[in-house]
Amino acid sequence: QLQLMESGGGLVQPGGSLRLSCATSGFTLNYRAIGWFRQAPGKEREGVSCISSTGGSTNTADSVKGRFTISRDNAQNTVYLHMHSLKPEDTAVYYCAAAKAHIVVALDAADFDNWGQGTQVTVSS
């Protein structure tokens, strides 16, 4: 069974950067697409970005496109979310999740069946 653990969240000023990490384990890791989602207080969970099992294909939400980059290192069992030019509206709990397939075409939480505990990102002056 896959297990996921997010880290790297914290408090940053607008315009700053963070790198989130998702450490994973499990025999099928290399065959799973991985996604990042976020949820702010009072709002629904929002898909941020996902990456195919090999890293050859990504899908990123328009709200963060050009600012966030997803990557993975299957040899290290780790997926990253590089976040730059952070805005206050990026404040949320960020979750890493494993999909049921090699690749997903939409950032739909229903396509992901293993989730980490989340890491808090706060963007504020």
Side-chain angles (χ1 to χ4, degrees):
Q1 185 175 17
L2 282 175
Q3 294 184 334
L4 303 93
M5 180 68 71
E6 303 94 335
S7 63
L11 174 65
V12 296
Q13 295 187 357
S17 300
L18 283 175
R19 186 184 74 170
L20 305 184
S21 298
C22 177
T24 65
S25 63
F27 293 108
T28 62
L29 173 63
N30 291 350
Y31 303 98
R32 299 284 196 100
I34 303 294
W36 285 97
F37 295 78
R38 66 186 183 184
Q39 188 165 22
K43 301 184 68 175
E44 295 184 352
R45 188 167 297 183
E46 174 190 15
V48 176
S49 189
C50 61
I51 187 167
S52 63
S53 60
T54 64
S57 180
T58 63
N59 185 25
T60 303
D62 289 341
S63 60
V64 303
K65 192 172 298 182
R67 300 188 297 117
F68 292 10
T69 301
I70 190 171
S71 64
R72 69 189 296 163
D73 186 342
N74 286 352
Q76 298 296 322
N77 296 324
T78 304
V79 178
Y80 301 99
L81 184 67
H82 304 264
M83 308 190 300
H84 303 280
S85 301
L86 284 161
K87 304 175 181 179
E89 49 263 46
D90 295 319
T91 296
V93 177
Y94 284 71
Y95 299 90
C96 179
K100 305 171 185 177
H102 301 167
I103 185 171
V104 294
V105 298
L107 293 165
D108 188 344
D111 292 327
F112 296 79
D113 61 0
N114 284 272
W115 295 80
Q117 87 292 341
T119 185
Q120 176 71 48
V121 173
T122 302
V123 185
S124 176
S125 299

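Please read all numbers here as calculations on a predicted model, not as lab measurements.
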- Message: side-chain contact (heavy atoms from CB on, under 4.5 Å) for Asn77 and Ser25? Distances and angles first, verdict last.
- Response: CA-CA 7 Å; Asn77 296 324; Ser25 63; 5.8 Å; no
- Side-chain donor/acceptor of Arg72 to backbone N/O of Gly55, under 3.5 Å: no
- Item | Backbone N/O of Ala92 and side chain of Gln39: donor-acceptor pair under 3.5 Å | no
- Taking Glu6 for its side chain and Gln117 for its backbone only, find out whether a donor-acceptor pair lies under 3.5 Å. yes
- Any donor-acceptor N/O pair, Ser49 side chain to Asn59 backbone, under 3.5 Å: yes
- If Ile, Leu, Val, Met, Phe, Trp and Tyr residues are connected whenever their side-chain heavy atoms lie under 4.5 Å apart, and connections chain through other members, are Val48 and Ile51 in the same group? yes
- Message: Quick check on ring-ring contact (aromatic ring centres under 6.0 Å, His included): which of Trp36, Tyr94, Phe37 does Trp115 satisfy it with?
- Response: Phe37
- Query: What do you reckon, is CD of Gln3 surrounded by more than 12 foreign heavy atoms closer than 6.0 Å?
  - Reply: no
- Message: If I take atom OG1 from residue Thr78 and atom CG from residue Leu4, how far apart are they, to the nearest 0.5 angstrom?
- Response: 10.5 Å
- Task: Without swapping roles, check the side chain of Lys100 against the backbone of Ala110 for a donor-acceptor pair under 3.5 Å.
- Result: yes
- Message: Going by salt bridge (charged side-chain N to carboxylate O under 4.0 Å, His left out), name the pairs with one or both residues in residues 39-50, residues two or more places apart or in two chains.
- Response: Arg38-Glu46
- Message: Once rounded to the nearest 0.5 Å, what's the spacing between atom CD of Gln120 and atom CG of Leu11?
- Response: 9.5 Å
- Message: Just so I know, are the side chains of Met83 and Leu20 near enough to count as touching, which here means a heavy-atom distance under 4.5 Å?
- Response: yes
- Heavy-atom nearest pair, Leu86 first then Val12, reads CD1-CG2, 3.5 Å
- Task: Look at Asp62 together with Lys65 and state whether they make a salt bridge at an N to O cut-off of under 4.0 Å.
- Result: yes
- Task: Please confirm whether the backbone N or O of Ala97 pairs with a side-chain atom of Arg32, one donor and one acceptor, at under 3.5 Å?
- Result: no
- Query: Taking Ser125 for the side chain and Gln13 for the main chain, is one N or O donor matched with an acceptor at less than 3.5 Å?
  - Reply: no
- Check: Pro14 and Val123 side chains under 4.5 Å, non-hydrogen atoms: yes
- Can you pull the ring-ring contact (aromatic ring centres under 6.0 Å, His included) pairs that have at least one residue in residues 53-77, sequence neighbours excluded? none
- Any chance you could measure Ser57, atom OG, to His102, atom NE2, to the nearest 0.5 Å? 13.5 Å
- Which atoms form the tightest heavy-atom contact between Cys50 and Val104, and what is the distance? SG-CG2, 3.5 Å
- Do Asn74 side-chain atoms and Ser53 backbone N/O form a donor-acceptor pair below 3.5 Å? yes
- Does the side chain of Ile34 come within less than 4.5 Å of Cys96's, by heavy atoms? yes
- Under the side chain to side chain donor-acceptor pair (under 3.5 Å) test, residues paired with Ser17 that sit two or more places apart: His84
- Query: What's the spacing between Asp73 CG and Tyr80 OH if we round to 0.5 Å?
  - Reply: 6.0 Å
- Please tell me if the side chains of Ile70 and Val79 come closer than 4.5 Å, counting only heavy atoms from C-beta onward. yes
- Query: Same cluster or not: are Val121 and Val64 linked, directly or through other Ile, Leu, Val, Met, Phe, Trp or Tyr residues, by side-chain heavy atoms under 4.5 angstrom apart?
  - Reply: yes
- Message: Distance check, rounded to the nearest 0.5 Å: Cys22 atom SG versus Leu81 atom CG?
- Response: 10.5 Å
